[in-house]
Amino acid sequence: MNALNKKTIEDIDVRGKRVLARCDFNVPLKDGEITNDKRIVAALPTIKYLMENGARVILCSHLGRPKGEYKPEFSLAPVAKKLSEYLGVVVKLAEDPDVVGENARAMADALKDGEVMLLENVRYRAEETKNEENFSKELASLADVFVNDAFGTAHRAHCSTTGVAAYLPAVCGYLIQKEIEFMGGALADPKRPLVAILGGAKVSDKIGVITNLLDKCDTIIIGGGMAYTFMKYLGHSIGNSLLEADWVEKAGEMMKEASDKGVSFLIPIDNKVGKEYDENTESMVVYSDEIPEGWMGLDIGPTSQELFAKAIRGAGTIIWNGPMGVSEWKQFEDGTVAVAKAVAESGAISIIGGGDSVAAVTKLGFADKMSHISTGGGASLEFLEGKELPGIAALQDK
């Protein structure tokens, strides 16, 4: 997939046109209040561009999992309120339980150039996630142009991400454009050395990513729970550490392939282990081949931190997906903190993808030191696997 040659909002004339813009407003709510509005803020540049260039803007998004029926607790009303604050205009919500109803049609028809409205949660309709033609046509009937700016759902072929693109000229917004430029650029033509840091719990989740990156990277660093499956292959005793027994052979094959291709493949040489899976458990640091029976690895140790930091310091481009340990626990966050600090100070082009690593760099205050923080967990993983993302593939080529 050459995602770098897709048309953007700047490649078309939007003045006087009704523009259906798919955003990712899937924000966390507590008692009807938004607890984190980052996704709304990320969509503002595209929305403002459309408004300033005289488009009649019809926004749409999903929120949570209402499973194809109208449930008021999944309404986008709090999003309309927050958008109104940020844009300085009233963003009306078309309150139709079936999304494209009388209110939505009347409101869309009444829009003037530069005005903006919001449709209800597209997942109120069961057809949305099944990408059924009838709902795609209903959405498309409201507009003249389709803009996809929801990278977080670009790996899903749904009515509001790909279905409508069959009936309207389809382009991407600034957010998807930025994701494509950073992640696509890092894979297609990286500033070298290209270093990938992969963490998280499971090897099985990252097999596709590692396989794809073996052809592109100079160094691959493995941390987190998935590292113990590699240690097991090397014959280390790993105690009660996380293990995917079915993937041990595959882990070995990947290490061998890295060696054959001249890719430096780093796994932890020491670990901070705990007696049990608990925030306040008794802990100690041991070498990777000396984890005692009954103990489990919960973070990388100080020697591994230094080894990884050294590889990171020399990088030209860094892709990081997944924490080095149970980073939400103070006692086991040091590995992730050390990696975040090394990435922040590296001067390399740094791309952070996946919820846990994003949360870690944000919590630690390193977010503004990263070149790009991806807005899509699953989507960024599939992008790194080299898979075609339906929501991007459906857009028009330049």
Side-chain angles (χ1 to χ4, degrees), residues 1-9 11-12 19-26 39 42-43 46 58-65 67-68 99-100 119 121-143 145-188 205-209 211-212 321 351 353-355 374-398:
M1 171 175 84
N2 184 4
L4 297 165
N5 63 355
K6 292 296 181 183
K7 279 190 182 171
T8 78
I9 44 176
D11 294 318
I12 51 164
V19 177
L20 178 70
R22 173 58 155 106
C23 301
D24 183 2
F25 296 143
N26 185 27
R39 287 181 165 173
T46 293
I58 304 162
L59 303 172
C60 70
S61 175
H62 77 287
L63 175 66
R65 295 188 169 164
K67 306 229 165 111
V99 188
V100 183
L119 298 179
N121 190 340
V122 289
R123 288 194 187 166
Y124 280 166
R125 293 285 292 268
E127 300 99 319
E128 161 69 3
T129 54
K130 297 174 187 161
N131 197 16
E132 288 180 9
E133 204 174 78
N134 65 317
F135 185 43
S136 299
K137 280 181 174 167
E138 284 176 45
L139 286 167
S141 72
L142 296 173
V145 175
F146 172 58
V147 172
N148 191 0
D149 208 28
F151 183 74
T153 54
H155 59 316
R156 306 265 183 249
H158 291 172
C159 294
S160 68
T161 58
T162 59
V164 289
Y167 306 102
L168 295 172
V171 301
C172 67
Y174 287 127
L175 189 60
I176 280 191
Q177 184 187 9
K178 187 173 175 232
E179 295 275 5
I180 291 172
E181 280 173 2
F182 270 99
M183 299 223 295
L187 295 176
D205 290 346
K206 304 269 163 67
I207 288 283
V209 178
T211 306
N212 191 37
N321 189 299
I351 299 159
S374 180
T375 52
S380 58
L381 263 185
E382 292 198 14
F383 199 99
L384 294 176
E385 283 183 49
K387 286 185 179 171
E388 181 170 87
L389 304 188
I392 293 173
L395 305 175
Q396 292 184 334
D397 292 327
K398 282 189 180 175

State, to 0.1 Å, how close [X] and [Y] come at their nearest heavy-atom pair, and which atoms those are.
X      : Y      : value
Arg22  : Ser61  : NH1-CA, 3.5 Å
Val19  : Ala143 : C-CB, 4.3 Å
Glu385 : Gly208 : CG-C, 3.4 Å
Cys23  : Leu59  : SG-CD2, 4.0 Å
Ser136 : Asn131 : OG-OD1, 3.8 Å

In the structure I gave you, are the side-chain heavy atoms of [X] and [Y] within less than 4.5 Å of one another anywhere?
X      : Y      : value
Gln396 : Phe146 : no
Leu20  : Ile58  : yes
Thr46  : Val147 : yes
Tyr174 : Ile9   : yes
Ile180 : Phe151 : no

**Request:** For Arg156 and Thr161, test the side chains for any donor-to-acceptor distance below 3.5 angstrom and give the result as yes or no.
**Result:** no

**Message:** Is a donor from one side chain sitting under 3.5 angstrom from an acceptor on the other, for Ser160 and Glu128?
**Reply:** yes

**Residues Asp397, Lys6: salt bridge by 4.0 Å N-O rule** = yes

**Request:** Please assess Cys172 against Asn148 for the test side chain to side chain contact (heavy atoms under 4.5 Å, CB included), listing each intermediate value before the final yes or no.
**Result:** CA-CA 5 Å; Cys172 67; Asn148 191 0; 5.5 Å; no

I need the [X] [atom1] to [Y] [atom2] distance, nearest 0.5 Å.
X      : Y      : atom1 : atom2 : answer
Arg125 : Glu127 : CZ    : CD    : 4.0 Å
Ile351 : Glu181 : CD1   : CD    : 11.5 Å
Ile207 : Asn212 : CD1   : CG    : 13.0 Å
Arg123 : Thr153 : CZ    : OG1   : 7.5 Å
Leu139 : Asn134 : CG    : CG    : 10.0 Å
Phe383 : Ile392 : CZ    : CD1   : 5.5 Å

Under a 3.5 Å distance rule, please check whether [X] uses its side chain to pair with a backbone N or O of [Y] as donor and acceptor.
X      : Y      : answer
Asn26  : His62  : no
Asp149 : Ile176 : yes
Asn321 : Gly353 : yes

